[in-house]
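To start, the structure itself, in structure tokens.
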Number of protein chains: 2
Amino acid sequence: MTGQTDSVLTEAALDTALRELIGYSMKRATAMVTADAARVLEPMGLRITTFSALTVICNAPGVRQTELAAALGMERSNSVAVIDTLEKAHWITRERSARDRRAIALQPTTAGIMRQKQARLALLTHEDRMFAGLSQIERRELVKLLSRIRA
Amino acid sequence: MTGQTDSVLTEAALDTALRELIGYSMKRATAMVTADAARVLEPMGLRITTFSALTVICNAPGVRQTELAAALGMERSNSVAVIDTLEKAHWITRERSARDRRAIALQPTTAGIMRQKQARLALLTHEDRMFAGLSQIERRELVKLLSRIRA
DNA sequence: TGATATTTGTTATGCCGTATAACTATTATT
DNA sequence: AATAATAGTTATACGGCATAACAAATATCA
């Protein structure tokens, strides 16, 4: 006995009606990918947010917290805890800016740079597995289409 | 004075390095789209989750809570509050199944069906605005690419 | 048939991401 | 010099999501 036939539609993925909404497909697919990414990062002591922040800091040493938050599309206030985490792990340092003593310049440490490289490779490997069904061209096409969505 | 040149990379979107990760682009784009969808639904007393559940129930009347949760990729436990909300708004009813008294069949009310249709149209309209930069073919292409991502 | 396992809906709880308001120290404006 | 704006910070709250535990009902199988 397979059970469940209270419903009218005997089969056919129950969320078919939702699939006409692009946002729904995006959300489901993204949930899969990010959950996977989180799993990859976790053993390295990173979360998606902290990895993203670390990456920006490694690629733009001296960046300010406000710039960082804006780059990642997060609130300044929420970036504080993320940066705290990175600092406590000794992957970055906070340095008060000389010419604007309100601002703080974020600098990656050697350990931070190493950890970022390691995590980046792990993520690339994992994405390669996750997007194995898509060719390189299709992956680029996907990213390109996503980049053309505008609020 | 434009300010900020503590950083080395003078310009060039601070998150460029993250853009090599497809998941990052997916997450940012999805955040935009879902935030927008939430804004559309809010005046109708719906959130994305409740709208999704209502839609499934309207398209598969009699569906069980467990089936619903599975269809939406959420935990059974988390579906309870969502269904509570829909029930309190009188958009659905819970009916104990006769042949399995553990199970509950979810039925949409007339008001629920109307609200779903209204919300669906509002979302379609809004998606049309949000994906205006993509042709119909490109939108289908995007969804198709997303559907081919596998865990 | 009767003991045991499984399933359904449910409650409780906690974590993460996110949003807003308010505060301070500092800098910019006028 | 007075006022406004900005950078970082704290506190707080909400929504999404995950896990564990439980009662009631059903399924399994010795």
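These numbers were taken from a predicted model, which means no experiment stands behind them. Order of the sequence lines fixes the chain letters, A, B, ..., with proteins taken first and strands second; residue numbering starts at 1 for each chain.
Taking atom CD1 of B:I83 as the reference point, atom P of C:dG9 lies 8 Å away to the nearest angstrom. Taking atom CZ of A:R101 as the reference point, atom C1' of D:dT6 lies 15 Å away to the nearest angstrom. Following rounding to the nearest Å, A:M74 (CE) and D:dG8 (C1') show an atom-to-atom distance of 15 Å. We find that CD1 of B:I48 is positioned 18 Å from P of C:dG17, with the value rounded to whole Å. Rounded to whole Å, the distance from CZ on B:R39 to C1' on C:dA19 is 12 Å. For the pair B:D84 CG and C:dG9 P, the interatomic distance rounds to 13 Å; values are reported in whole Å. D:dT12 atom P lies 19 Å from atom CD of A:E75, rounded to whole Å. Separating the CG atom of B:L72 from the P atom of D:dG16 is a distance of 12 Å, rounded to the nearest angstrom.
Hydrophobic clustering (ILVMFWY, side-chain heavy atoms < 4.5 Å, transitive): B:L124 and B:L41 are in one cluster. In the hydrophobic clustering of ILVMFWY residues, with side-chain heavy atoms under 4.5 Å counting as a link, A:F131 and B:L21 come out apart.
Here the side chain of B:R94 is nearest to one of D:dA7, C:dT8, C:dT10, namely C:dT10. Comparing D:dG15, C:dT11, C:dT26 by their nearest atom to the side chain of B:R47 picks out D:dG15.
Between B:D100 and B:V80, it is B:D100 whose nearest contact on DNA chain C lies nearer the 5' terminus.
Judged purely by distance below 3.5 Å, without hydrogens or angles, the side chains of B:T93 and B:Q107 never pair a donor atom with an acceptor atom.
Nucleic acid contact for A:Q65: sugar-phosphate only, since backbone atoms but no base atoms lie under 4.0 Å from a heavy atom of the residue. If you check every strand for non-hydrogen atoms under 4.0 Å, B:R76 touches a base. No engagement by B:S79 is indicated, since no non-hydrogen atom pair under 4.0 Å with the nucleic acid exists. Using a 4.0 Å heavy-atom cutoff across all strands shown, A:S77 reaches at least one base atom of the nucleic acid. Among the protein residues, B:N78 comes within range of the nucleic acid bases, having at least one heavy atom under 4.0 Å from a base atom.
With hydrogens and angles left out, the side chain of A:R102 and the base of D:dT6 share a donor-acceptor pair within 3.5 Å.
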- prompt: Would A:R139 and A:E127 count as a salt bridge (Lys or Arg N to Asp or Glu O under 4.0 Å) if you check the C-alpha gap in whole Å, the side-chain angles of each, and the deciding distance to 0.1 Å?
  reply: CA-CA 10 Å; A:R139 297 181 203 187; A:E127 283 212 343; over 6 Å; no
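Looking only at distances, no side-chain donor or acceptor of A:T50 sits under 3.5 Å from a matching main-chain atom of A:L46.
Distances shorter than 4.0 Å separate some side-chain N or O of B:T66 from OP1 or OP2 on C:dG9.
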